[in-house]
Amino acid sequence: MNTKTMEGLVGAGTNMKMTETPMRVFKEARRRGDIATMERAMGYVSEFSERSGDYKSEADQGMKEDAEEARKKAELEAEKAIQKRKEEREQQKEQLEESKNKDQDNVVDVVEISGDGKGLSQSDGNPAYTGTKPAGTETVGVEPVRTTAAGTNAVGTRAVSTAAAKTPVTYTKAGTVARTGQQGKEIFVSV
């Protein structure tokens with residue numbers, strides 16, 4: 001609280017209490033009919049009332065200054081909070097860049113596919129594949145696969161054929177491709 005505000009409130013309160021005594025004297029003098037005492041008592045009452053008004057305006061001025069200081073303090077705190085948030089964002093960006101750099105440095109696994117493995121990968125897992133593609137199939141794309149240092153994926157490529165993408169396939173409970181003429185319950189899943 002501002003000193004002007006405290007002085008104003010204390011001064012106004014004190015002068016208002018001090019008007020009680022001359023008012024009591026005024027009432028007593030009126031009862032007795034003593035006009036001179038009544039005039040003197042009213043002079044004191046008006047003097048204390050004027051002082052109380054002066055202190056009240058000083059308290060009002062002090063409260064305005066208090067409000068201005070509080071507004072400035074709130075603005076400074078808001079600016080500090082904004083600056084702190086900016087610094088936190090910059091630190092998060094730096095940490096994110098560092099973690100990206102670490103992840104890129106950790107890619108070290110290499111897979112080498114043998115001749116038999118190449119044949120199997122080209123036949124889409126069919127061990128009876130002889131090295132020639134069936135009629136109506138062609139390789140349309142290659143999907144790259146990367147690994148991390150933990151070895152979660154293998155580095156290499158996988159061929160995708162158009163025939164496999166266009167022809168509906170039914171899978172058995174064991175997870176193998178069922179022949180098209182096989183009877184039983186069929187479940188169609190499109191991905």
Quiz prompt | Close side-chain approach of Glu28 to Val25, heavy-atom, < 4.5 Å | solution =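 Side chain of Glu28 against side chain of Val25, heavy atoms only: no contact under 4.5 Å found.
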SB check [X] [Y] (cutoff 4.0 Å):
| X | Y | value |
| --- | --- | --- |
| Glu75 | Arg71 | yes |
| Lys56 | Asp60 | yes |
| Arg51 | Glu47 | yes |

What heavy-atom pair brings [X] and [Y] nearest, and what distance separates the two atoms?
| X | Y | result |
| --- | --- | --- |
| Thr19 | Val45 | CG2-O, 3.9 Å |
| Ala29 | Met38 | CB-CG, 3.5 Å |
| Asn15 | Phe48 | CB-O, 3.5 Å |
| Leu9 | Ala59 | N-CB, 3.8 Å |

Please round to the nearest 0.5 Å and tell me the distance separating atom [atom1] of [X] and atom [atom2] of [Y].
| X | Y | atom1 | atom2 | result |
| --- | --- | --- | --- | --- |
| Lys84 | Glu87 | NZ | CD | 9.5 Å |
| Lys93 | Gln91 | NZ | CD | 12.5 Å |
| Asp66 | Met6 | CG | CE | 9.5 Å |
| Glu65 | Thr3 | CD | OG1 | 8.0 Å |
| Lys64 | Thr5 | NZ | OG1 | 11.5 Å |
| Ser52 | Lys17 | OG | NZ | 12.0 Å |

Report, as yes or no, whether the 6.0 Å neighbourhood of atom [atom1] on [X] holds more than 12 heavy atoms from other residues, nucleotides or ligands.
| X | atom1 | answer |
| --- | --- | --- |
| Leu76 | CG | yes |
| Tyr55 | OH | no |
| Arg85 | CZ | no |

